[in-house]
Amino acid sequence: MFNIRPVTDLRNNFADISKTVHENQEPVFLTKNGYGDMVVMSVEQYGRIIEESHIAQRLKAATLEAKETDERFDFFEIADKMRKKLNEKV
């Protein structure tokens, strides 16, 4: 269930909103004149969202690249090559 509060609560009940955001690890949606206005979330939550967005962008790019070429790679061959390169550096 979404935690929806009026934007005035940000001023009047900041400590409570902060506690809610950090303890529940869920955003608080703020409304202004009955309409959605802002979302408040912890820095950790925001970081996860950004990271997931970057992963999704990379997966989308990989999917598009896969559609444009027939070249495929075998996981075990690639892993073996990477292990050999790592061992050379050690």
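Both Phe2 and Ile49 are members of a single hydrophobic cluster when ILVMFWY side chains are connected at heavy-atom separations under 4.5 Å. Put simply, Val39 and Ile4 are part of the same group of oily side chains (I, L, V, M, F, W, Y) that touch within less than 4.5 Å, one to the next. When the side chains of ILVMFWY residues are joined at heavy-atom separations under 4.5 Å, either directly or via intervening members, Phe73 and Met82 end up in a single hydrophobic cluster.
Between the side chain of Gln45 and the backbone N or O of Ser42 there is at least one donor-acceptor pair closer than 3.5 Å.
Summarising the geometry, atom CD belonging to Glu26 is positioned 10.0 Å from atom OG1 belonging to Thr20; distances are rounded to the nearest 0.5 Å. Once rounded to the nearest 0.5 Å, the distance linking CD of Glu51 with OH of Tyr46 reads 13.0 Å. To the nearest 0.5 Å, the span separating CD1 on Ile78 from CZ on Arg83 amounts to 11.5 Å.
Shown here for Met41 and Val21, the closest heavy-atom pair between the two residues is C-CG1, 3.4 Å. The two residues Pro27 and Asn3 come nearest to each other via the heavy atoms O-CB, 4.1 Å.
Here the options are Ile17, Thr31, Val28, the test is side chain to side chain contact (heavy atoms under 4.5 Å, CB included), and the partner is Asp9; only Ile17 passes.
Listed by chain and residue number, Arg5 satisfy the side-chain hydrogen bond (donor to acceptor under 3.5 Å, both in side chains) test with Asp16 (two or more places apart in sequence, or in another chain).
Residues Arg11 and Thr8 are in side-chain contact: their nearest non-hydrogen atoms beyond the backbone lie under 4.5 Å apart. The closest side-chain heavy-atom distance from Glu44 to His22 is below 4.5 Å. Side-chain atoms of Val40 and Leu30, non-hydrogen and from C-beta on, do get closer than 4.5 Å to each other.
For Asn33, the CG atom is loosely surrounded, since the number of other residues' heavy atoms within 6.0 Å does not exceed 12.
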When the side chains of residues 62-69 are checked against the rest of the protein, which donor-acceptor pairs come out under 3.5 Å, sequence neighbours left out?
from  : atom 1 : to    : atom 2 : distance (Å)
Thr63 : OG1    : Leu59 : O      : 2.8
Thr69 : OG1    : Glu71 : N      : 3.1

